[in-house]
A.B. asks: 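Before I ask anything, here is the structure I am working with.
All values below come from the heavy atoms of this structure, side chains included, with hydrogens, waters and symmetry mates left out.
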Number of protein chains: 2
Amino acid sequence: MKKYVNILKENGIKVTPQRLEIMKYLDEHMTHPDVEKIYSDLKKKNPALSKTTVYNTLEILRKYNIVQVLTISESELRYDFKNTLHHHFLCKSCGKIIDIDVECPKLNKMLKGKYKVDEVHGYFKGICNVCRGKRKTVTNN
Amino acid sequence: MKKYVNILKENGIKVTPQRLEIMKYLDEHMTHPDVEKIYSDLKKKNPALSKTTVYNTLEILRKYNIVQVLTISESELRYDFKNTLHHHFLCKSCGKIIDIDVECPKLNKMLKGKYKVDEVHGYFKGICNVCRGKRKTVTNN
DNA sequence: TTTCAGTTTGTAATCATTTCAATGTAACAC
DNA sequence: GTGTTACATTGAAATGATTACAAACTGAAA
Ligand SMILES: [Mn+2]
Ligand SMILES: [Mn+2]
Ligand SMILES: [Zn+2]
Ligand SMILES: [Zn+2]
């Protein structure tokens, strides 16, 4: 928990139990949950939690670049604790979002090009291999 | 208009005036409009047009891979007549969405890798150079 | 203590999208 | 041609994620 306290303090954001819980949740779950999932899971521990607090907290964490918003889904925003740059794969069958590590060599040019780029999002959509029945196992190299 | 008639026929989709107008609109506007924009613009010519028809049409065009849905905006879906693969830049200041041509060499590996990839989306977000006052002019190479 | 700014909470409003049922249309069978 | 049928269009209503708002809470500073 100290980890999250520090992040908040470093950014000059007031430390509150709700904020810590939400940060911890995002950091520990690699599932890229939406607000409803975060809310319903955390409400088990803290029944007084308000969904508005989840929205407010995600908004401030985002403002300070602590979390990232994924627009990969068409119906709701997904949240990701911000680590190093990576891309995402959305399984259109089961809805899972998986981290994808791709280092695109063209990225640096884009980042230094004529546009001032603040965010980079790489989204792939398709069917995950669990949903394909784990039949084909093809390497990625 | 023949162009759009052909595309519909090739795909076995019934030809209707509404569908043709929507296809033409998307093909001729590189603005990646949302449903509201398509609807309000086309309603000028055809006041009887229903927004549901716009939704329905975009849905079927999408199903046959004639248009592409962009989830780059957090509040509404944007639509793009589907040409060759390209990425997008969203200006967080003026809301414009600009086409970006990036040929990522890693893409093919991703496409043939362990996931069955149907869609590839590359989104960059930041401030466009119009909004930056056209001060810096930096090349992209 | 009192004050005060910021936080949390619950409710209400907003608004993009979906659902649904009625109406329209056009090809096709008779 | 007339009736049948499948599909398309339309407008209204429902849904659901997100935002706006105001009241209650908290905790540090005066
Ligand atoms: Mn991720
Ligand atoms: Mn485009
Ligand atoms: Zn899956
Ligand atoms: Zn701009």
A.B. asks: Filter on ring-ring contact (aromatic ring centres under 6.0 Å, His included), then keep only pairs touching residues 30-49 of chain B, sequence neighbours left out; what's left?
C.D. replies: B:H32-B:H88
A.B. asks: Have A:Y25 and A:D41 got a donor and an acceptor in their side chains that come within less than 3.5 Å?
C.D. replies: yes
A.B. asks: CG of A:L58 versus P of C:dT8: gap in Å, rounded?
C.D. replies: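 Checked: the CG to P distance equals 12 Å.
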A.B. asks: Separation of A:I60 atom CD1 from C:dG6 atom P, in whole Å?
C.D. replies: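 In whole Å, C:dG6 P and A:I60 CD1 are 11 Å from each other.
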A.B. asks: Between the side chains of A:D101 and A:H86, is a donor N or O closer than 3.5 angstrom to an acceptor N or O?
C.D. replies: no
A.B. asks: Would a hydrophobic clustering, with Ile, Leu, Val, Met, Phe, Trp and Tyr connected at side-chain separations under 4.5 Å, put A:L77 with A:V120?
C.D. replies: no
A.B. asks: Quick one about B:D27 and B:Y4 (side-chain donor to acceptor, distance below 3.5 Å, no hydrogens or angles considered), yes or no?
C.D. replies: yes
A.B. asks: Can you give each donor-acceptor pair under 3.5 Å made by side-chain atoms of residues 7-22 of chain A, sequence neighbours left out, with the distance rounded to 0.1 Å?
C.D. replies:
{"from": "A:N11", "atom 1": "ND2", "to": "A:I7", "atom 2": "O", "distance (Å)": "2.8"}
{"from": "A:T16", "atom 1": "OG1", "to": "A:R19", "atom 2": "N", "distance (Å)": "3.2"}
{"from": "A:R19", "atom 1": "NH1", "to": "A:K14", "atom 2": "O", "distance (Å)": "3.0"}

A.B. asks: Has the side chain of A:T71 got a donor or acceptor atom that lies under 3.5 Å from a matching backbone atom of B:S73?
C.D. replies: no
A.B. asks: Enumerate the residues from residues 16-30 of chain B whose closest heavy atom to DNA chain D is under 4.0 Å, giving them by residue number; use none for an empty result.
C.D. replies: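 Heavy-atom cutoff 4.0 Å gives B:T16, B:Q18, B:R19.
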A.B. asks: So which of residues 45-56 of chain B are in contact with DNA chain D, with a heavy-atom cut-off of under 4.0 Å?
C.D. replies: B:A48, B:L49, B:S50, B:T52, B:T53, B:N56
A.B. asks: Any sub-3.5 Å donor-acceptor pair from B:K92's side-chain atoms to B:C128's backbone N or O?
C.D. replies: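 Judged by distance alone, no pair lies under 3.5 Å.
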A.B. asks: So, does A:D34 use its side chain to make a donor-acceptor pair with the main chain of A:K37 at under 3.5 Å?
C.D. replies: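 Such a contact is found between A:D34 side chain and A:K37 backbone.
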A.B. asks: Quick one: CD1 on A:I97 to SG on A:C91, what's the gap to the nearest 0.5 Å?
C.D. replies: 10.5 Å
A.B. asks: Where each residue is assigned the nucleotide of DNA chain D containing its nearest heavy atom, which of B:K43 and B:K14 is assigned the position nearer the 5′ end?
C.D. replies: B:K14
A.B. asks: I'd like the 5' and 3' limits of the part of DNA chain D contacted by chain A, with heavy-atom contacts below 4.0 Å.
C.D. replies: D:dA17 to D:dC21
A.B. asks: Hey, do the aromatic rings of A:F89 and A:F124 have their centres closer than 6.0 Å?
C.D. replies: no
A.B. asks: Mind calculating the distance between NZ (B:K9) and C1' (C:dA27) to the nearest angstrom?
C.D. replies: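 Distance, rounded to whole Å: 13 Å.
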A.B. asks: Main chain of A:L49, side chain of A:T53: is a donor-acceptor contact present, judged purely on distance under 3.5 Å?
C.D. replies: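 Pair absent, no side-chain N/O of A:T53 close to backbone of A:L49.
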A.B. asks: Among residues 61-78 of chain A, which residues get a heavy atom nearer than 4.0 Å to DNA chain D?
C.D. replies: A:S75, A:E76, A:L77
A.B. asks: Is A:K125 reaching over with its side chain to a backbone N or O of A:I72, donor-acceptor style, under 3.5 angstrom?
C.D. replies: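 Present.
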